[in-house]
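Worksheet: the structure to be examined is printed underneath.
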Amino acid sequence: MLKSYLMVAVRTLLRHRGYSLLNIVGLAIGIACCLLILLYVQYELSYDRFHTNADQIYRVVREERAPGRVTHLAITPAPLAPALRQEFPEVRRVVRLKPPNAAWMLRYEDKSFYETNFYLADSTVFDVFFIPLLKGNPATALQRPFTVVLTETVARKYFGNEEPIGKLIRGEESMDLEVTGVMPSLPPNSHLTFEILASMGTQEQLDRQLNQTYLTRWRSPYNFYTYVLLPPGADPSRLEQKLPALVEKYAGSELHAAGVTMRFSLQPLTAIHLHSHLERELSANSEVTSIYLFSAIAVFILLIACINFMNLATARAAMRAKEVRVRKVVGAQRRQLIVQFLGESLLVSCLAALLAVGMVMLFLPTFNTLAGKAIPRHLATNGTALGGLAGITLVVGLAAGAYPAFVLSAFRPVAVLTRMGQAGRGRSGFRKLLVVVQFTITIALLICTGIVVQQLHYVRNKQLGLNPDQLVIIPMTFTPFAERYPVFKREALQHPAVLGVTRSNFAPGRLNTLGYSLYQSAKAPMTESVEMCSVGADEDFVTTLGMTLVAGRFLWRTFGTDPEAAYVLTESAVTRLGWPVAYYAMQRWLQNFAYRIELGPGPFLLAALLALVIAVLTVSGQAMKAALTNPVEALRYE
Amino acid sequence: MIKTTNLKKLYRTEEVETTALNNVNLEIQAGEFVAIMGPSGCGKSTLLNLLGLLDNPTDGQYRFLEHEVSHYSERQRANLRKASIGFVFQSFNLIDELTVYENVELPLLYLGVSERRKRVETLLDQMQILPRKNHFPQQLSGGQQQRVAVARAVIGQPKLILADEPTGNLDSANSAEVMQLLTGLNDTGTTIVMVTHSPSHAEYAHRIVHLFDGHIVSDHLPEAVRV
């Protein structure tokens with residue numbers, strides 16, 4: 001029986017090739033979109049879950065209140081971690097991570113590289129996070145000052161095939177760092193991105209040598225990220241409740257003197273990527289709403305594909321009517337016919353699923369580029385994706401096949417003897433509804449796509465007010481360059497290929513960690529400060545970066561107080577300070593700084609037009625077909 | 001085998017109610033060959049549908065093979081039908097996607113018969129269409145298609161064959177051939193009820209029932225027998 005069903009299904013598909021192709025490709029596109037979104041959602045949800053104790057790891061985050069402002073920060077003071085360790089035995093492990101303020105230059109023999117993923121870490125880092133060392137002892141690797149653990153990739157970059165353990169890498173401040181371990185690279189679905197871990201003891205030694213207090217002060221400008229490992233099943237809120245007392249005990253006087261209060265809370269490690277939008281995040285996080293949005297889009301696309309399938313199948317019902325009635329006459333039960341037609345739609349959805357897998361394989365790299373993700377391509381080992389695909393295939397096959405199956409199997413055998421072709425009457429209402437739903441979703445998605453395309457185009461082509469295309473940025477914190485910059489600048493300008501040289505403490509567009517409090521006027525109260533990022537720059541900054549000034553002049557080397565204390569503000573800074581912006585022209589130009597497009601009627605009209613074109617084409621196609629049919633054919637059919 | 005008492009069938013649409021059959025009392029014994037005649041719209045096909053358990057009567061009784069079937073559900077009718085009744089239609093009604101062999105095999109599949117190949121091939125051989133068993137219906141002539149249809153009707157060895165104008169789409173040579181087939185089947189004991197417009201084909205039957213406006217107006221022996 002199954003063989004007979006399969007035979008009929010395959011022959012029906014082959015006989016109506018155009019129809020089958022339309023159906024299968026349509027479903028395949030729907031399933032492929034769904035699968036891509038599934039992979040994306042799965043990837044987004046997988047962030048930081050590779051740690052074996054992921055559910056027990058929490059990041060300590062801070063709410064800081066100073067007069068007139070509240071900030072929510074991902075960074076914590078350095079002394080918090082030792083205090084937690086001291087006060088709360090239930091905290092199994094505490095680890096601090098500190099990313100660099102600027103790229104560090106590391107050197108081995110004749111090789112030197114700027115390293116941006118160079119973190120300082122407590123020796124407990126391997127107890128908290130699941131990073132199995134390939135070489136070295138995790139318990140001791142970062143215990144001594146001036147020790148580093150490298151990823152395999154970084155180790156190979158510096159040492160090639162040589163044994164890295166025990167080698168010395170020359171770092172900033174002429175310190176030699178001993179390689180004590182090699183770790184695997186962190187997976188891309190991690191909010192942590194370090195490639196080199198140096199022991200926190202290194203910072204202690206540096207502080208001691210340079211007479212700094214970064215590690216002991218609660219109000220320090222440096223970024224320490226604190227993570228705790230709690231026992232299995234521990235309630236983080238119980239620990240949170242004890243934190244205010246700890247702050248009071250350890251930092252009370254320092255904070256009171258500054259008029260600042262700090263409140264700490266615990267954030268689950270696995271919630272960081274989708275739920276955390278604090279200041280000074282380690283990497284750009286995603287919005288959980290985008291997960292919901294994408295999931296909804298996936299469902300809608302699948303719905304369109306299913307409706308398409310159902311409409312095509314029921315519209316063709318008359319062609320199958322004879323078969324259904326004949327089968328009933330020779331003894332088929334309705335149940336058997338339902339099974340047969342569901343089987344056929346499952347076959348179609350399976351074929352579509354296979355095609356969809358091919359499409360996903362083909363488009364995943366492009367999708368990864370577009371979404372900025374590194375979703376792995378090997379579906380075969382991705383149980384969730386395979387399960388999801390099987391589920392989608394089954395649901396689509398059954399859902400899309402159910403309606404045609406029930407409609408077709410309900411044909412009464414008696415009609416075969418008397419009146420042919422009364423199929424579908426009375427059901428057209430439901431089909432019309434399906435078409436309306438389908439068109440509505442399609443138009444909505446077209447509008448969304450139009451807006452997304454416009455926004456992407458805008459982001460790509462937005463005039464930034466500076467020209468980064470021919471710019472080479474050389475990090476030089478702590479390097480010999482820093483002291484001899486004037487010499488370097490003079491020499492570099494001699495070179496015919498160098499048009500300009502400038503320096504600043506932050507490259508525009510890069511993470512800027514220096515906050516400044518500015519006030520509207522000298523008389524403004526302390527509470528009315530406006531927090532802004534600032535960039536210290538020399539007099540050639542504007543010309544070298546190809547920026548233009550709206551009003552005023554840039555810094556001059558030999559003009560009054562310019563070298564010591566002069567500021568150039570961006571227009572948005574002027575707006576934020578609330579200064580009256582005098583000129584209408586400037587007002588208009590300011591609109592450019594809203595970094596988004598205005599929603600015009602364009603995408604809506606385009607979508608409506610597209611839908612209209614599709615409708616007109618379909619209707620006229622049908623009309624042409626009807627008009628060109630030989631009337632004898634119609635009579636013969638009757 | 002068949003006994004109808006006051007059999008009545010109404011067709012209702014939103015606007016009109018049509019009486020297709022009215023108080024039809026008909027008895028057919030096992031082994032008979034009955035022809036049903038009458039003008040178009042007199043209820044011939046409706047009667048055949050009711051006799052063939054494709055539809056339920058609006059009123060009246062129908063005893064078929066000692067079962068009172070007038071109130072049977074679709075499922076009960078299907079089960080009784082597939083085991084006891086074979087159909088032959090004017091327009092052959094073969095399934096286009098199935099080969100000759102598969103079309104004939106179909107009733108056996110629904111009957112759940114496992115030994116099918118030999119049985120189907122023997123029958124196709126008897127019908128002289130075995131060489132065409134892998135052809136599709138549209139590759140056959142009308143006469144060949146009707147032979148396949150007859151083969152499909154008898155493969156399940158039904159006690160009753162219902163034929164609705166089986167020669168309606170055939171030329172005289174092919175018609176004669178089909179009538180020979182039906183007569184041959186009747187000779188082996190199969191009951192046959194045939195609707196026909198053709199007086200000459202009705203002559204093959206043992207009895208001719210005339211319908212007019214949903215009533216039986218006459219029930220007599222064929223001319224040849226009477227003379």
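In the text below, chain A, chain B and the rest are named by the order of the sequence lines, each starting its count at 1.
- Between A:R334 and B:E74 no salt bridge is recorded (no basic side-chain N to carboxylate O distance below 4.0 Å).
- With a threshold of 4.5 angstrom between heavy atoms, B:L80 does not approach chain A through any atom at all.
- Contacts of A:R335 with chain B are made by side-chain atoms alone, with heavy-atom separations under 4.5 Å and no backbone atom involved.
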- request: Could you walk me through whether B:E68 and B:K3 pass salt bridge (Lys or Arg N to Asp or Glu O under 4.0 Å), step by step?
  value: CA-CA 9 Å; B:E68 174 53 53; B:K3 185 170 195 291; over 6 Å; no

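- Only the side chain of B:R152 comes within less than 4.5 Å of a heavy atom in chain A; its backbone stays farther off.
- Of all the listed residues (B:K82, B:E165, B:E97), the one sharing the greatest number of non-hydrogen pairs under 4.5 Å with chain A is B:E97.
- Ion pair A:R11/B:E102 flagged as a salt bridge, since at least one NZ, NE, NH1 or NH2 atom sits closer than 4.0 Å to an Asp/Glu carboxylate oxygen.
- Heavy-atom distances place no part of B:N103 under 4.5 Å from chain A, backbone and side chain included.
- For B:T99, the parts lying under 4.5 angstrom from a heavy atom of chain A are both the backbone and the side chain.
- Heavy atoms closer than 4.5 Å to chain A are found in the side chain of B:R81, but not in its backbone.
- No salt bridge links B:E105 with B:R119; every basic N to acidic carboxylate O contact stays at or beyond 4.0 Å.
- Salt-bridge check for B:D96 with A:K322: passed, with a basic side-chain N closer than 4.0 Å to an acidic carboxylate O.
- A cation-pi arrangement is present between A:R325 and A:F411 under the rule of less than 6.0 angstrom and at most 45 degrees off the ring axis.
- Heavy-atom distances place both the backbone and the side chain of A:E323 under 4.5 Å from chain B.
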